[in-house]
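What follows is one structure encoded as structure tokens, with my remarks underneath.
Values below: all heavy atoms of this structure, side chains included; hydrogens, waters and symmetry mates excluded. The structure presented is a predicted model; accordingly, all values stated were derived computationally and were not measured.
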Amino acid sequence: MSQLEKGIQTTRFSLGNVLAVAKKEMLESIRSRWLTIFAAVFGSLALLISFFGMSGLGLGGYQGFNRVTASLLNLVLYLLPLISLVMGASTVAGEKESGSLHVLLTQPIHKSEVITGKFLGLSLSLMTAIFAGFGGAGLLMTWKTGLLNVGDYLVFVLLSVVLALVFLGLAVLISVLSPRRSQALGLAILVWFMMILVYDFLAIGVASLQEVTVVVPLLLTLLLLNPADMVRVLVILQLGGEATFGPTLAALTRTLSKGTGEILLIIALMLWIFVPVLLSIVVFNRKQDY
């Protein structure tokens, strides 16, 4: 009897079952070495960006921190969604293809516990890798700029984690909907390409329009439909970098910087995390081909 089977209880919905599945996902993530490789690559890139950014600019204090964090933001926006999508895309589809999912479902465990446990386990694994990756860069920036910026850096790291969890939730939904691992991975890469690369060109096109009273509501709608852009705007607002925008985007950030605008973006990001996971549970409960 496996450790997972020993940990499974027979109740309708059990936290113990969820934790057993989460533990299994974390152990598999560690054994796959993908997580370790990602943490090493991400940490190295973050450290290099911080080191050369602070050294090359010769800046200290708040100005130097802002410049380096803006560079780290680009790394986060491109790399974290991709890693999250790749990690989550095979979690259900891969086990379905190998037959291990069928074995798991023969145990007295509810399907909602399976999805919740998988998302929790992958989330904890991903968060551990992100915190480890940001650790070296954070220590270097603290050494160079002092403790003044620690709060802002922690907010930046937290927003990065939120972004990763958003795309992890989307990946789990993709995995539930896909019959094969290869199909899930292909769809995940397509989602990354559309939301991270193509979507920005659409936003730039809308921003180039002249009528600000029309453009700002359109940009706000586009912003709410893309979690990566929401994180980008929240980080820029946190750093006070609205001046780097053109007049149209500056008008949008002025609207969002009024307390309620930032709260709106945070609520939208929370919905982006929980709605895909809930949809995954609903779809997984209804499907019988496992």
Any ion pair linking Arg180 and Glu97 (charged N to carboxylate O, less than 4.0 Å)?
no

Student check: side-chain heavy atoms of Ile115 and Val92 closer than 4.5 Å
yes

Least distance between heavy atoms, Tyr78 atom then Leu197 atom
CE2-CD2, 3.5 Å

Using only atom types and a distance under 3.5 Å, with no angle test, would you say the side chain of Trp192 pairs donor to acceptor with the backbone of Val86?
no

Looking at side-chain heavy atoms only, is the closest gap between Leu190 and Leu187 below 4.5 Å?
yes

Do you know the tightest heavy-atom contact between Leu225 and Pro227?
O-CD, 4.0 Å

Looking at side-chain heavy atoms only, is the closest gap between Leu165 and Phe274 below 4.5 Å?
no

Leu104 backbone acceptor or donor facing Gln107 side chain under 3.5 Å
no

Between Leu158 and Val166, is there shared hydrophobic-cluster membership here, with clusters defined by ILVMFWY side-chain heavy atoms closer than 4.5 Å?
no

Quick one, Met87 and Leu126 - any side-chain contact, counting heavy atoms below 4.5 Å?
yes

Closest non-hydrogen atom pair between Ala137 and Leu47, with its separation
N-CD1, 4.0 Å

Rounded at 0.5 Å granularity, tell me how far CG in Asn226 sits from CH2 in Trp272.
7.0 Å

Smallest heavy-atom separation, Ser160 atom then Leu80 atom, equals O-CD1, 3.5 Å

Is there side-chain contact between Val157 and Tyr153, with heavy atoms separated by less than 4.5 Å?
yes

Could you pull out the closest heavy-atom pair between Ser71 and Ile49, with the gap in Å?
CB-CG2, 3.6 Å

Show the numbers, then the answer: is there a side-chain contact (heavy atoms from CB on, under 4.5 Å) between Leu77 and Ile196?
CA-CA 8 Å; Leu77 291 176; Ile196 303 301; 5.6 Å; no

Main-chain N/O of Glu95 paired to Ser98 side chain as donor or acceptor, under 3.5 Å
yes

Check Leu224 against Ala268 and note the closest heavy-atom contact, atom names and distance.
CD2-CB, 3.9 Å

Using the rule that two of Ile, Leu, Val, Met, Phe, Trp, Tyr join whenever any of their side-chain heavy atoms come within less than 4.5 Å, decide whether Val282 and Leu101 are in one cluster.
no

Do the non-hydrogen side-chain atoms of Leu73 and Arg232 ever get within less than 4.5 Å of each other?
yes

Sidechain-backbone polar pair: Lys111 side chain, Ile281 backbone, donor-acceptor under 3.5 Å:
no

Check whether more than 12 heavy atoms from other residues, nucleotides or ligands sit under 6.0 Å from atom CZ of Arg286, and answer yes or no.
no

Mind checking whether Glu25 and Ser125 have side chains closer than 4.5 Å, heavy atoms only?
no

